[in-house]
Amino acid sequence: MKKVAVVGSGFIGRAWAIVFARGGQEVHLWDREEGAGGAAVGFIQDVLGDLERNDLLNGNAPDDILARLHVQDDLAAALSGAVHIQENTPEVLDIKRTVLAELDRMADGQAVIASSTSALLPSALAEGMKGRHRIVVAHPINPPYLVPAVEVVPSPWTSEDVLERTRAFLAECGQSPIVMRKEHDGFIMNRMQGALLEEAFRLVAEGYASIEDVDIGIREGLALRWSFMGPFETIDLNAPGGVADYAARYQGIYERIHPQMHHRVDWTGEVMQTVEADRRKALPEGELEERQKWRDRRLMALAAHKRQADEALGK
């Protein structure tokens, strides 16, 4: 059992706490906001039953998970002896740099300091810091206890040892690390998601499809394969001779389409009136929270199915 410090116990921090505790680690939560740590434990307690029913606690009982959670009022106590520190403060560069500098000053010298940032480059976070070699981005998809992919992104100064230790630790906790070779704006997952969203907004804004038709195309089409295969494996299996055969057969289609994608529509412009109206017709604003819980239960069921399928059919 290793000690992990979770700094910032809100939306992302509490989710990381589940990941680490389920992975057998001792988790110490700290937050500047009074009562935030206790609220995080309350949320975790509420969700553990659903996770257990879907066999997503790795053989642990809910009480085992709760016993590994410790709320700390003192940051120094949370950091003392921690081998991995997961920072989850607001997505504001000045705030994160201030917090990371404080962690670098107070944490044990060998501790890895990982930021959950979804958009800030690690070089911007670590520049000028004494311990910049041990600062790395570990960006999850929310909630990470249901979606295992985590982007591990180095700054130019991150040591290879820290990169490998972060990868190995996250894998030990049951996650699927994506180790980037160097930093890039948007990392990998937001760049891929952004490309799809840009086209989705264009199709709706220019009158080619409704938002529901676009959603059907993903939900009942592409995502069924993508839930267990990536795009390269998908095309490798979609032509008799594999990936090279696919490129030879179909590159022309995408070459023709590509110039049509060289413009973008403003997501917050006129198209949002259509998107917002259609989404609120399908789901009133007051039902968003309940639908989020439904989403998480569906993710639990999918995660349980994927685990069973991996065991029965292989990865």
Side-chain angles (χ1 to χ4, degrees), residues 1-45 64-91 95-118 120 122 125-126 129-140 142-145 150-153 155 158-159 161-175 177:
M1 183 179 291
K2 301 181 179 74
K3 179 176 177 179
V4 180
V6 173
V7 176
S9 54
F11 209 57
I12 299 298
R14 69 193 189 190
W16 271 124
I18 295 174
V19 168
F20 297 137
R22 181 177 61 185
Q25 317 305 333
E26 180 185 357
V27 183
H28 291 248
L29 299 103
W30 178 87
D31 200 295
R32 290 191 191 278
E33 184 178 338
E34 186 177 352
V41 173
F43 168 86
I44 293 168
Q45 190 167 14
D64 298 330
I65 304 297
L66 292 172
R68 297 177 190 139
L69 302 178
H70 310 275
V71 177
Q72 297 286 359
D73 295 326
D74 179 46
L75 178 58
L79 297 177
S80 179
V83 300
H84 182 93
I85 301 163
Q86 193 71 40
E87 171 270 319
N88 313 284
T89 56
E91 193 79 0
I95 293 176
K96 284 195 178 290
R97 280 186 55 82
T98 298
V99 172
L100 289 170
E102 188 174 16
L103 298 179
D104 187 31
R105 178 177 58 82
M106 296 178 65
D108 292 358
Q110 295 302 308
V112 169
I113 302 175
S115 175
S116 296
T117 181
S118 59
L120 299 173
L125 296 173
M129 293 192 188
K130 181 178 180 182
R132 62 187 186 177
H133 66 282
R134 62 171 172 161
I135 295 174
V136 67
V137 163
H139 169 234
N142 194 54
Y145 57 84
V150 183
E151 294 173 315
V152 180
V153 189
S155 78
T158 305
S159 74
D161 173 67
V162 164
L163 204 59
E164 171 55 23
R165 285 166 56 203
T166 304
R167 183 208 62 76
F169 177 71
L170 291 172
E172 180 184 341
C173 291
Q175 302 305 101

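Index from 1, following the sequence. Basis for what follows: all heavy atoms, side chains included, without hydrogens, waters or symmetry-related copies.
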Can you confirm if the aromatic rings of Phe169 and Phe20 lie within a centre distance of less than 6.0 Å?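 Ring centroids of Phe20 and Phe169 are less than 6.0 Å from each other.
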### Query
Passes side-chain contact (heavy atoms from CB on, under 4.5 Å), Val4 versus Glu26? Steps please.
CA-CA 6 Å; Val4 180; Glu26 180 185 357; over 6 Å; no
Show the nearest heavy-atom pair for residues [X] and [Y], with the distance to one decimal.
X	Y	value
Ala40	Arg14	CB-CB, 3.8 Å
Gly24	Met1	O-CG, 3.2 Å
Leu29	Ala17	CD2-CB, 4.0 Å
Ala111	Ala82	CB-O, 3.3 Å

Can you measure from [atom1] ([X]) to [atom2] ([Y]) and round to the nearest 0.5 angstrom?
X	Y	atom1	atom2	value
Trp16	Asn88	CH2	CG	8.5 Å
Leu103	Leu75	CG	CG	6.0 Å
Ser80	Lys3	OG	NZ	5.0 Å

[X] side chain near [Y] side chain, heavy-atom distance below 4.5 Å:
X	Y	value
Leu79	Asp108	no
Ile85	Val7	yes
Lys2	Glu172	yes
Gln175	Val19	yes
Cys173	Gln25	yes
Ser116	Pro140	yes
Ile135	Thr158	no
Leu100	Met129	yes

Out of Glu87, Glu91, Lys96, which one pairs with Thr117 under the side-chain hydrogen bond (donor to acceptor under 3.5 Å, both in side chains) rule?
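Going through Glu87, Glu91, Lys96 one by one, the side-chain hydrogen bond (donor to acceptor under 3.5 Å, both in side chains) with Thr117 is satisfied by Glu91 alone.
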Exercise for the section: Report the C-alpha separation of Leu69 and Ile44 in whole Å, then their side-chain angles, then the decisive distance to 0.1 Å, and conclude whether the side-chain contact (heavy atoms from CB on, under 4.5 Å) test is met. Expected result: CA-CA 10 Å; Leu69 302 178; Ile44 293 168; 3.8 Å; yes
* Test item: side-chain donor near acceptor, Gln86 and His84, under 3.5 Å ->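 A donor-acceptor contact under 3.5 Å links the two side chains.
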Discussion item. Under a plain distance cut-off of 3.5 Å, with no hydrogens placed, do Trp30 and Ser9 share a side-chain donor-acceptor pair?
Written reply: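 No, no side-chain donor-acceptor pair sits under 3.5 Å.
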Note to self: Around atom CD of Gln110, are there more than 12 heavy atoms from other residues, nucleotides or ligands closer than 6.0 Å?
What the structure shows: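 Not more than 12 within 6.0 Å, no.
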Should we count CG of Asp74 as having more than 12 external heavy atoms under 6.0 Å?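 More than 12 within 6.0 Å, yes.
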### Task
Before accepting this row, confirm whether a basic side-chain N of the pair Arg134/Asp104 lies closer than 4.0 Å to the acidic partner's carboxylate O.
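Looking at Arg134 and Asp104, the cut-off is met.
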Would you call Arg165 and Asp161 a salt bridge, using N to O less than 4.0 angstrom?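 Salt bridge flag = yes for Asp161 with Arg165.
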Between Leu163 and Val152, does a side-chain contact (heavy atoms from CB on, under 4.5 Å) hold up when you go through it step by step? CA-CA 7 Å; Leu163 204 59; Val152 180; 3.7 Å; yes
